[in-house]
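Throughout, a chain's letter reflects where its sequence line sits, starting with A, and its residues are numbered from 1. Bear in mind the structure is a predicted one, so any value in this text is a computation, not a measurement.
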Number of protein chains: 2
Amino acid sequence: MPRIHHVSLDCSPGCPVEATLALIGGKWKGLVLYHLFEEEVLRFNEMRRRLPNVTQRMLTSQLRELEADGFVLRKIYPEIPPKVEYRLSARGRSLEPVIRALKAWGDAHVVVKGAVAKGAVAKGAGTPPKRSAHSPKRAVA
Amino acid sequence: MPRIHHVSLDCSPGCPVEATLALIGGKWKGLVLYHLFEEEVLRFNEMRRRLPNVTQRMLTSQLRELEADGFVLRKIYPEIPPKVEYRLSARGRSLEPVIRALKAWGDAHVVVKGAVAKGAVAKGAGTPPKRSAHSPKRAVA
DNA sequence: CCCGACGGTATACTTTTCGACACTATGGGC
DNA sequence: GCCCATAGTGTCGAAAAGTATACCGTCGGG
């Protein structure tokens, strides 16, 4: 997913859709934003424990990008061991309708491991994909 | 953006967010879905004309993935020259709240080329990104 | 002393996504 | 004949995203 930093788009009526997706589309960003909605403030390792399989490197990177894009505020406490808090900015909170819509759709349509598949799942969708999802390889169904 | 074909996720509460983003996060998918919402049926080159800079190759690929994921229906007419129509399935239409939320947020927060920048734009956002958005390089503002 | 926690950084590498280019058969218009 | 339109396919490479591994200083607990 390309990252757009408030560059101007070649606008067609759909550009805002594309731009929004580009801002929040990093692999872990949706989850990071979601968890910050659920729990107002999180520290680095608290966030890390909520994201299965994320690496330290990637979490740092995505948090920094979200901060750079103005969605997340990062507060450093001058302590040892280090204490850093992450929370949503006003701009980040303005994404709530987006994140809720993504969550609502996913709840209704995505099969969760161990859950009984809902009727909403597309019938023809049982065939395995050509390539695995971007998750640990062993997770392939 | 990884493609998830109804594989089971290692579920944490945010998984539905991640899964939904993975399904619609291809570079052109948001725009394709958006335009199919706006205009019930589109042929291939009609869609193509609505997406600035898309290549034939990429449009075909993203349409096929959306079809494979059950969002888009493809109707072939046995004619020459070829006539193919694309429209949203019921499952595709169920994405409307997601696409509308993405569009609404983008409308309020993303600067469009030629438009006066709104106050909502983050102040610090003027600095160029480390790397360009995934679009033709010369398109950088 | 060793281990784990904290919140990272650095580097190299792998995987994934996307784009560029050439090509396809048919028919209509010039 | 050439060009354009239709809706693609095939191949390769570039760019981007993401991962793996090692390392860092300080402190507290065992």
Any chance you could lay out the salt bridge (Lys or Arg N to Asp or Glu O under 4.0 Å) test for Arg91(A) and Glu67(A), step after step, and finish with the verdict?
-> CA-CA 11 Å; Arg91(A) 179 177 162 87; Glu67(A) 187 189 6; over 6 Å; no

Using whole Å, what does the distance between atom [atom2] of nucleotide [N] and atom [atom1] of [X] come to?
{"X": "Glu46(A)", "N": "dC6(C)", "atom1": "CD", "atom2": "P", "answer": "8 Å"}
{"X": "Lys75(A)", "N": "dG8(C)", "atom1": "NZ", "atom2": "C1'", "answer": "20 Å"}
{"X": "Leu42(A)", "N": "dC6(C)", "atom1": "CG", "atom2": "P", "answer": "13 Å"}
{"X": "Arg64(A)", "N": "dA10(C)", "atom1": "CZ", "atom2": "P", "answer": "10 Å"}
{"X": "Leu59(A)", "N": "dA17(D)", "atom1": "CG", "atom2": "P", "answer": "17 Å"}
{"X": "Glu65(A)", "N": "dA17(D)", "atom1": "CD", "atom2": "P", "answer": "7 Å"}
{"X": "Arg43(A)", "N": "dC6(C)", "atom1": "CZ", "atom2": "P", "answer": "7 Å"}
{"X": "Tyr77(B)", "N": "dG8(D)", "atom1": "OH", "atom2": "P", "answer": "13 Å"}

Proximity to the side chain of [X] - top-ranked nucleotide from [options]:
{"X": "Arg49(A)", "options": "dG8(C), dC6(C), dA7(D)", "answer": "dC6(C)"}
{"X": "Tyr86(B)", "options": "dG8(D), dA7(D), dC6(C)", "answer": "dG8(D)"}
{"X": "Met58(A)", "options": "dG8(C), dG8(D), dT19(D)", "answer": "dT19(D)"}
{"X": "Lys27(A)", "options": "dA7(D), dC6(C), dG18(D)", "answer": "dG18(D)"}

Within 6.0 angstrom of Lys83(A) NZ, more than 12 heavy atoms from elsewhere | yes

Note: Arg50(A)-Glu38(A) ion pair, threshold 4.0 Å (strictly below) |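 No, this pair does not count.
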
Taking only the side-chain nitrogens and oxygens of Asn45(A), find out if one of them lies under 4.0 Å from OP1 or OP2 of dC6(C).
-> yes

Kindly indicate whether the side chain of Tyr86(B), heavy atoms from C-beta on, has any atom under 4.5 Å from the side chain of Met47(B).
-> no

Sugar-phosphate only, base, or nothing, as touched by Gln62(B) at under 4.0 Å among non-hydrogen atoms =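 Sugar-phosphate contact only - Gln62(B) comes under 4.0 Å of backbone atoms but never of a base.
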
Check the hydrophobic clustering (I, L, V, M, F, W, Y; side-chain heavy atoms under 4.5 Å; chains of links allowed) and say if Leu36(A) and Leu73(A) are grouped together.
-> no

Could you state whether Ile76(B) and Leu66(B) fall into the same hydrophobic cluster, counting links through intermediate Ile, Leu, Val, Met, Phe, Trp or Tyr residues with side-chain heavy atoms under 4.5 angstrom apart?
-> yes

Does Arg74(A) use its side chain to pair, donor to acceptor, with the backbone of Val84(A) at less than 3.5 Å?
->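 A pair under 3.5 Å: no.
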
Under 4.0 Å protein heavy-atom contacts per nucleotide of nucleotides 21-30 of chain C, with B for base, S for backbone only and - for none | -----SS---

